[in-house]
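As the structure lists them, so they are numbered: ligands from 1, and atoms in each ligand from 1.
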Amino acid sequence: MIITLDGPAGAGKSSTARALARRLGWFYMDTGAMYRAATLVALERQVPLDDSAALAALAESLSIVFRDDRVFVGDRDVSGEIRTERITAATRRVADAAPVRDVMKRMQRRLAEGLDVVTEGRDQGSVVFPQAELKVFLTASAEERALRRHREEAARGVATSLEAILDAQNRRDEGDRVREVGAMRAADDAVVVDTGGLTPDEVVERLAQLVEERRA
Ligand code: DC
């Protein structure tokens with residue numbers, strides 16, 4: 001069975017997907033990490049970020065694997081390195097390239113083959129797994145998402161204003177919406193879950209219920 005979890009940054013997608021997969025004992029596929037890993041290698045090899053054919057060829061050549069909640073390129077654990085601000089910024093450009101998205105789509109389908117999967121990203125229900133048994137679109141208000149990010153940054157000892165976070169988030173949201181390929185949107189048959197006012201546990205509980213309903 002395949003469960004797709006899409007939605008904007010800050011809606012709690014990653015933590016929800018990871019917790020749900022753990023609870024079900026299923027494979028968790030973090031597709032954002034795949035775009036990030038390809039970007040890390042592209043920067044290291046100095047592939048120009050506006051050369052979509054070269055980026056796609058590079059992505060195609062990589063063996064991206066998930067093991068024990070970590071992401072590897074070949075044997076190299078890149079889980080930490082892909083989370084820096086530099087990679088986050090560059091990944092947006094790589095993820096905008098249609099040929100790269102095509103490569104990733106095929107890689108994601110291959111990784112999921114024959115498995116029970118919780119997959120998380122922007123286009124998993126709408127593009128990559130249109131046949132998924134359960135599609136969820138997680139949202140929360142812009143303020144709620146910014147607040148969550150603000151708390152996370154504070155916990156990491158980073159001092160940023162809520163306004164700055166909200167501003168940057170609005171710009172990112174707009175970019176995600178208007179992108180020509182892979183634009184973020186809920187699949188027509190997705191269940192929209194607003195995580196506003198819910199604790200992380202409550203969100204996972206709600207999704208687990210949906211899974212039960214679909215299986216019945
Ligand atoms: O979810 P994240 O922040 O790790 O995603 C990293 C980047 O990749 C972000 O710019 C959105 C993009 N992305 C995408 O375009 N499609 C996906 N399926 C997953 C992520």
Any R172 heavy atom less than 4.0 Å from ligand 1: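 So R172 does not count as touching ligand 1.
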
Test item: D123 side-chain N/O and S126 main-chain N/O as donor-acceptor pair under 3.5 Å: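 Here the side-chain-to-backbone pair does not exist.
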
Region of M34 that comes within reach of ligand 1 [heavy atoms, distance under 4.0 Å]: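 No part of M34 comes within reach of ligand 1.
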
For ligand 1, which atoms have a heavy atom of [X] less than 4.0 angstrom away?
X: Q124; value: 18 (N)
X: R92; value: 10 (O)
X: A95; value: 12 (C), 15 (O)

Residues D77, S79; criterion side chain to side chain donor-acceptor pair (under 3.5 Å); working and verdict: CA-CA 6 Å; D77 184 343; S79 314; 2.6 Å; yes

Pairs where residues 109-120 contributes a residue and the test salt bridge (charged side-chain N to carboxylate O under 4.0 Å, His left out) is met, not counting sequence neighbours: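 Residue pairs with at least one partner in residues 109-120: there are none.
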
Partner of R206 under side chain to side chain contact (heavy atoms under 4.5 Å, CB included), chosen from L210, V203, V204: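 Per the side chain to side chain contact (heavy atoms under 4.5 Å, CB included) rule, the option paired with R206 is L210, out of L210, V203, V204.
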
Return yes or no for this condition: an N or O of [X] is under 3.5 Å from an N or O of ligand 1.
X: R122; result: yes
X: R36; result: yes
X: T88; result: no
X: D123; result: yes
X: K13; result: no

Results of side-chain hydrogen bond (donor to acceptor under 3.5 Å, both in side chains) for S15 - residues two or more places apart only: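 Result, side-chain hydrogen bond (donor to acceptor under 3.5 Å, both in side chains) vs S15: none returned.
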
Full working for side chain to side chain contact (heavy atoms under 4.5 Å, CB included) between D30 and F66: CA-CA 9 Å; D30 175 355; F66 293 96; 4.0 Å; yes

Passing candidate, salt bridge (Lys or Arg N to Asp or Glu O under 4.0 Å) with E81, options R86, R36, R76: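 The option that passes is R76.
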
